[in-house]
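Right, one structure below, let's go through it.
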Amino acid sequence: MRALSQDFYERPVLDVARDLIGCTVEHGDAAGVIVETEAYHESEPACHAFVGLTPRTRTLFGAPGRAYVYRSYGIHALLNAVCEPEGVGAAVLIRALAPLAGIDAMRARRGLERGALAGSRSAAAQLEQLCSGPGKLTQALGVSLAENGGCLSSGPVRIGPRARGWRDPPLLEGTRIGISRAVELRWRFCVAGSRHVSRPWPSAAGGADAARR
DNA sequence: CATGGGATTGACT
DNA sequence: GTCAATCCCATGC
């Protein structure tokens, strides 16, 4: 897979968040198509970079096109792509994928081979929920905190351009999930109608749910 | 040095 | 719907 170059990321973070929809993320044998993103920028308080340059935010303020991986709720590793010129703290959170490759390995890492999670769901539902959240997709891909600061062009985590069939995905936008500040900003993007996105699922028809937000 | 709060998920009522 | 798990790190004393 040819990867996106640094100048793709060295742009306004909202543009990158939109343009990453439909792009491909791969780590080892596993890969998926990005179907949901959120933008974060140092100018608003939901962004970790809002507090300024600290050991935690060093990657965020660093060169664009690197991975910013941090631990959330003590449990999950969340994957971001650092954006904007070096010195500006901004990143796109990858929130959901449509699985493409390495699905058996992803299922194993997610613990879906057995137990309650596996048993009661259809195969289609399992595939839809394999990477339908920012913590789920890092677990499925095997991405850990060790990947923080890594280059997204040269790996180990790499992001490539939109593949055939994902050239012009229909986008929905809404407010970001799971934050307590700057909740009004509509900086969340996803593929309209995709069942691989995290909850709440935006209405595919652009109905009440999409209009409300 | 102690404390508190998450860019979440899965299990349970 | 509620809630615990679990840890990094920013903040304040």
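Letters A, B, ... are given to chains in the order of the sequence lines, protein chains preceding strands, and every chain is numbered from 1. Every value quoted in this text rests on a predicted model; they were computed, and no experiment measured them.
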Polar side-chain contact A/His48-B/dA7 base: donor and acceptor under 3.5 Å: yes

Any strand: nucleotide that pairs with C/dT6 via Watson-Crick or wobble, under 3.5 Å: none

Given side chain to side chain contact (heavy atoms under 4.5 Å, CB included), test A/Ile34 with A/Trp166 step by step and report yes or no. CA-CA 10 Å; A/Ile34 300 171; A/Trp166 294 93; over 6 Å; no

Do you know the tightest heavy-atom contact between A/His48 and A/Thr57? O-CG2, 3.3 Å

A/Tyr40 over B/dA7, stacked by centroid distance under 5.5 Å, angle under 30°: yes

Are OP1 or OP2 of B/dG6 and a side-chain N or O of A/Arg181 less than 4.0 angstrom apart? no

In the structure shown, which nucleotide is the Watson-Crick or G-U wobble counterpart of B/dC1, with both distances under 3.5 Å? C/dG12

B/dT9, OP1 or OP2 - any side-chain N/O from A/Arg110 closer than 4.0 Å? no

For A/Ser43 and A/His41, does a side-chain donor sit closer than 3.5 Å to a side-chain acceptor? yes

Relative to A/Tyr68, does A/Arg66 satisfy both conditions: NZ or CZ under 6.0 angstrom from the six-membered ring centre, and within 45 degrees of the ring's axis? no

With heavy atoms under 4.0 Å as the rule, sort A/Arg56 into base, sugar-phosphate or nothing. sugar-phosphate

What integer distance in Å separates A/Leu78:CG from C/dC8:C1'? 13 Å

Pair of N/O donor and acceptor under 3.5 Å linking B/dA7 base with A/Tyr70 side chain: yes

Whole angstrom value for the distance that separates C1' of C/dC9 from CG of A/Asn148: 13 Å

A/Tyr73 has its side chain closest, among B/dT9, B/dG6, B/dA7, to B/dG6

Within the pair A/Thr54 and C/dA10, is there a side-chain N or O less than 4.0 Å away from OP1 or OP2? yes

